[in-house]
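Both backbone and side-chain heavy atoms feed into the values below; hydrogens, waters and symmetry mates do not.
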Amino acid sequence: MMADSRIEPKDWRAGTMLALLVAFAFLVRAHDFGNPVIHVDEQYYLLVGDRMLSGALPYVDLWDRKPPGLFLIFAAIRLLPGDGILAYQIVATLIAGLTGWVVALAGRRLGARGIGAVAAGLAYILWLSFLSGRGGQSPVFYNLFMAVGGLLTLGLPARAARDDRAGIVASGAAACLLAGLAIQVKYTPAVEGAMFGLAHLWYLRRAGTRPAGVVLAGVAWAMLGAFPTLLAIGWYYAQGPAIFDAFRFANFTSVTLRRGYPAAKIAARLAGTTAQLSVPVACAVASLRARPLRPAVRLAALWLIAAVIAFAMIGAFFDHYALPLLVPIAILAAPTLGRYRAARWLLAGAAAILAVVHIATESDERASAYGAARILAAHRDAGCPYVFAGDSVLYLLSRTCVPTPYAFPSTLAYEAERGAVGIDEAAEVARILRARPPAIVTLDTPLAPWNADSQALVAAAVRRDYRLAGRFPREGRRLLVYVRRDLR
């Protein structure tokens, strides 16, 4: 691969890069604006955030495993005008653009030329969409915290060269606090946050700080990183034993009870994610082969290793679980993208191929969601409908009540969650059905193996008491909306 010998401006103005990358984020993501069913996860986060403004309490009134910070983000977004759908997508797009900008700035710290840094930021934004991050997945939000923390960490060699011990202490405090905020959006950034803290301790010691001072700094940084989570724990503890137990179980116990996925499915997910990341990873590896290897490049490589460990910890390996990897991968790729014109063309070609594949395989099914919601809304006075399988956002779109705290459909509907939510799932389904919901929503074929006991109860109920009122395309299946026979 030949180096690009063209003379290019070494540094783009930071403001120019920011404007370009935010505009690019809007260009790439605008076609999804207003689509309520981009992904099952974020629509549930929006539902929880919406109901929090009416007094609902996460883990008690609406159950999930994510930390409270994620739901607070969506509750804050829900304060903006509209129904929250366009609002969260615009906020997520702004944050994606900002994160791409921080990626570009970090690429400069690895010695990337201006064009390489910008290309890395553009790649980050594009690959978000390729890995199911085109809406409001949790890493779209917390990657910004981690990117800024990483940017501070990559600045350590320069601070150490200036013997700036005070700067290292301040940088370590900020990086660990940012990681702590990310942990309250999802717990896995704790691994990367630990790497940030350890790197700062290493450079603080190298700068001549005595061991006692290094230990004191480490304890202070660890407390800053833990503070947001300790604050959440303390708040729930103050609400009483029952509420605290619900919080504790959902956040720290239930994930250990989930059933594993078949090895073939895990292998297929890993193969798909690896294929999509292959070109950015190749560019990152090429940067690691450069000599002499800058200390900041070594730090970025350690960051990527920490991110891979965090990715592997959960074990489910959905493609969107790889979204946190994009930040260190794109930063590491920046020097190669700046040095080699061929690398930029290769990246652009990979992006074009992936874009065509995703356009060909993904469909905009917002009409299905709104069609189903209209049926539910027509019968809201008769009680709470029940979305057994499908889209939890239907409760929001139809402005109806929710009949169960376990409103994320897979919680009661699918085998992988059996025994992992602290209740008898089939018994909860039976309780919901005894209330005779005015409408039931399900799928003609499941996205994963059914919880057979729960599905049998729903199937018997719809055969006995319900009529099919709507059938809508959804992810290669049919979303079925049943209405109680005594209702028009």
Side-chain angles (χ1 to χ4, degrees), residues 36-92 94-95 135-142 145 180-187 227-252 254-255 369 373 376-377 380 384-387 391-412 421-423 428 432:
V37 288
I38 295 174
H39 197 280
V40 294
D41 289 345
E42 59 208 57
Q43 55 179 272
Y44 187 67
Y45 307 152
L46 181 63
L47 174 66
V48 176
D50 175 81
R51 299 306 159 96
M52 284 176 69
L53 298 182
S54 300
L57 187 60
Y59 323 114
V60 176
D61 300 303
L62 285 168
W63 193 90
D64 197 64
R65 295 186 177 91
K66 296 294 191 299
L70 177 61
F71 303 120
L72 288 172
I73 289 172
F74 276 84
I77 290 171
R78 191 64 189 88
L79 294 171
L80 298 172
D83 60 8
I85 293 165
L86 181 60
Y88 93 77
Q89 291 160 358
I90 289 175
V91 171
L94 284 169
I95 289 177
Q137 284 284 359
S138 60
V140 175
F141 295 96
Y142 73 72
F145 298 134
L181 293 172
I183 290 166
Q184 268 305 293
V185 182
K186 192 171 183 178
Y187 288 113
F227 177 72
T229 298
L230 292 175
L231 188 63
I233 291 172
W235 190 91
Y236 271 90
Y237 185 82
Q239 307 312 304
I243 291 177
F244 177 71
D245 284 347
F247 165 82
R248 177 192 53 77
F249 179 84
N251 282 263
F252 305 116
S254 65
V255 69
L376 269 57
R380 71 165 67 97
C384 302
Y386 179 37
V387 180
D391 298 294
S392 58
V393 77
L394 295 177
Y395 295 117
L396 180 68
L397 296 177
S398 61
R399 301 179 185 176
T400 52
C401 53
V402 181
T404 175
Y406 306 94
F408 189 69
S410 65
T411 307
L412 301 179
V421 296
I423 62 166
E428 176 65 4
I432 297 166

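To the nearest 0.5 Å, atoms CD1 (Ile73) and CD1 (Ile95) are separated by 7.0 Å. One finds the OH atom of Tyr386 at 4.0 Å from the CD1 atom of Ile432 (value rounded to the nearest 0.5 Å). Rounding to the nearest 0.5 angstrom, the gap separating the CG atom in Leu47 from the CD atom in Glu42 is 13.0 Å. We find the CD-CD1 distance between Gln43 and Ile38 to be 9.5 Å, quoted to the nearest 0.5 Å. How far CG of Asp50 is from CG of Leu396: 5.0 Å, rounded to the nearest 0.5 Å.
Taking the side chain as every heavy atom from C-beta outward, Phe141 and Ile77 approach each other to under 4.5 Å. At least one side-chain heavy atom of Phe71 sits less than 4.5 Å from a side-chain heavy atom of Asp64. Side-chain contact between Arg51 and Asp61 is absent, with no heavy atoms from C-beta onward closer than 4.5 Å. Contact of the Leu70 side chain with the Val48 side chain is not registered, since no non-hydrogen atoms from C-beta on lie closer than 4.5 Å. Side-chain atoms of Leu62 and Tyr44, non-hydrogen and from C-beta on, do get closer than 4.5 Å to each other. Residues Pro58 and Lys66 form no side-chain contact, since every pair of their non-hydrogen atoms from C-beta on lies 4.5 Å or further apart. Inter-residue side-chain proximity for Val91 and Leu80 is flagged as met; some heavy-atom pair is nearer than 4.5 Å. A 4.5 Å side-chain heavy-atom check between Tyr187 and Phe252 finds at least one atom pair inside the cut-off.
Looking at every heavy atom in both residues, Leu57 comes nearest to Tyr236 through CD1-OH, 3.6 Å. Taking each heavy atom of Gly135 and Ala92 in turn, the nearest pair found is O-CB, 3.3 Å. Scanning both residues, Ala232 and Pro68, for their nearest heavy atoms gives CB-CG, 4.0 Å. Annotation for Leu86 and Asp83: closest pair N-OD1, 4.3 Å, computed over non-hydrogen atoms. The shortest non-hydrogen separation linking Pro385 to Cys401 is CD-O, 3.8 Å. Closest heavy-atom contact between Leu72 and Met52: CD2-CE, 3.7 Å.
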Given side-chain contact (heavy atoms from CB on, under 4.5 Å), test Ile243 with Tyr59 step by step and report yes or no. CA-CA 8 Å; Ile243 291 177; Tyr59 323 114; over 6 Å; no
Would Asp41 and Phe408 count as a side-chain contact (heavy atoms from CB on, under 4.5 Å) here? Give the steps. CA-CA 8 Å; Asp41 289 345; Phe408 189 69; 3.5 Å; yes
Do Phe247 and Ile233 pass the side-chain contact (heavy atoms from CB on, under 4.5 Å) test, and can you show the C-alpha distance, the side-chain angles, and the key distance before you say yes or no? CA-CA 8 Å; Phe247 165 82; Ile233 291 172; 3.7 Å; yes
For Ile423 and Leu412: C-alpha separation, side-chain torsions, deciding distance, then whether side-chain contact (heavy atoms from CB on, under 4.5 Å) applies. CA-CA 10 Å; Ile423 62 166; Leu412 301 179; 4.0 Å; yes
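By the 30° and 60° cut-offs, the orientation of the rings of Tyr88 relative to Phe74 is tilted.
Other residues, nucleotides and ligands place no more than 12 heavy atoms under 6.0 Å from the CZ atom of Phe227. Counted within 6.0 Å of OH on Tyr237, heavy atoms from surrounding residues, nucleotides or ligands total 12 or fewer; the atom is thus considered open.
Under a 3.5 Å cut-off, the side chain of Tyr395 and the backbone N or O of Val387 do form a donor-acceptor pair. Side-chain N or O atoms of Asp391 include none that pairs as donor or acceptor with a backbone N or O of Val393 at under 3.5 Å. For the pair Gln184 (side chain) and Pro67 (backbone), a donor-acceptor distance under 3.5 Å is absent.
Looking at residues two or more places apart in sequence or on another chain, you find a side-chain contact (heavy atoms from CB on, under 4.5 Å) between Pro139 and Gln137, Tyr142, Asn143, Leu323, Pro324.
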